[in-house]
Amino acid sequence: MGRDTIADIITSIRNADMDRKRVVRIASTNITENIVKILLREGFIDNVRKHRESNNFFFVLTLRHRRNKRGPYRNLFNLKRISRPGLRIYSNYQRIPRLLGGMGIVIISTSRGIMTDREARQEGIGGEILCYIW
């Protein structure tokens, strides 16, 4: 059985956010690199560094947290895996869901690469819905 790398990075980021960690370390693949670029561009993470340790590459992500320390802690962002190896979910560009009226993003794997829902609607292409982030 293969590993679900997308679910692994989503779980790592979600767990670090719940534990109030500032830094997350995830494995480096082409898919994770594209997803991390989207997260950085959309402002969900502050910084990304690529490290090498004994022929293994990995990313070190700096998460964005609330500055106010008072009151109960709330997660800054939520991640949800949609399409998985056992059940693939595809959508054309007209039926791509809008999260929170456009406040959240949907990451889609298309024939032109991994992109957000807004970019896919502009290009007029659909694809596999990977995850929701809000």
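Throughout, residue positions are numbered sequentially from 1 according to the sequence presented. Values below: every heavy atom of this structure, side chains too, minus hydrogens, waters and symmetry copies.
Judged by distance alone, the side chain of Ser91 and the main-chain N or O of Pro97 form no donor-acceptor pair under 3.5 Å.
Both Ile114 and Phe59 are assigned to one and the same hydrophobic cluster, defined by single-linkage of ILVMFWY side chains at heavy-atom distances under 4.5 Å. Transitive grouping of hydrophobic side chains (ILVMFWY, heavy atoms separated by less than 4.5 Å) brings Ile89 and Tyr93 into a common cluster. Tracing side-chain contacts under 4.5 Å through hydrophobic residues (I, L, V, M, F, W, Y), one never reaches Ile38 starting from Ile108; they form parts of separate clusters. Neither Ile10 nor Leu99 shares a network with the other; the hydrophobic side chains, linked directly or stepwise wherever heavy atoms of I, L, V, M, F, W or Y lie under 4.5 Å apart, form separate groups for each. Tyr132 and Leu79 are assigned to two separate hydrophobic clusters, defined by single-linkage of ILVMFWY side chains at heavy-atom distances under 4.5 Å.
No side-chain heavy atom of Asp8 sits under 4.5 Å from any side-chain heavy atom of Ile26. At a threshold of 4.5 Å between non-hydrogen side-chain atoms, the residues Arg81 and Leu130 count as touching. The side-chain heavy atoms of Met103 and Trp134, taken from C-beta on, include no pair separated by under 4.5 Å. Side-chain contact between Thr116 and Arg41 is present, with at least one heavy-atom pair separated by less than 4.5 Å. Between Ile125 and Met115 the shortest side-chain heavy-atom distance falls below 4.5 Å. At a threshold of 4.5 Å between non-hydrogen side-chain atoms, the residues Phe44 and Ile105 count as touching. Side-chain atoms of Asp46 and Arg22, non-hydrogen and from C-beta on, do get closer than 4.5 Å to each other. Looking at heavy atoms from C-beta onward, Leu39 lies in side-chain contact with Ile13 at the 4.5 angstrom threshold.
Closest approach of Thr32 to Ala27, counting heavy atoms only: OG1-O, 3.2 Å. Across Phe58 and Val60, no two heavy atoms sit closer than the pair CE1-CG2, 3.7 Å. The shortest non-hydrogen separation linking Pro85 to Asp4 is CD-OD2, 3.5 Å. The minimum heavy-atom distance linking Asp117 with Gly104 is given by the pair OD2-O, 4.4 Å.
The distance from the CG atom of Leu40 to the CD1 atom of Ile35 is 14.0 Å, given to the nearest 0.5 Å. Here Arg64 contributes atom CZ and Asn47 contributes atom CG; the two are 11.0 Å apart, rounded to the nearest 0.5 Å. How far NZ of Lys50 is from CZ of Phe57: 6.0 Å, rounded to the nearest 0.5 Å. Here the CD1-CD1 distance, from Ile6 to Ile31, works out to 5.0 Å after rounding to the nearest 0.5 Å. Between the CD1 atom of Ile129 and the CD1 atom of Ile107 there is a distance of 12.0 Å, given to the nearest 0.5 Å. Between the CZ atom of Arg118 and the CZ atom of Arg121 there is a distance of 8.5 Å, given to the nearest 0.5 Å.
Within a 6.0 Å radius of CZ in Arg88, more than 12 heavy atoms belonging to other residues, nucleotides or ligands are found.
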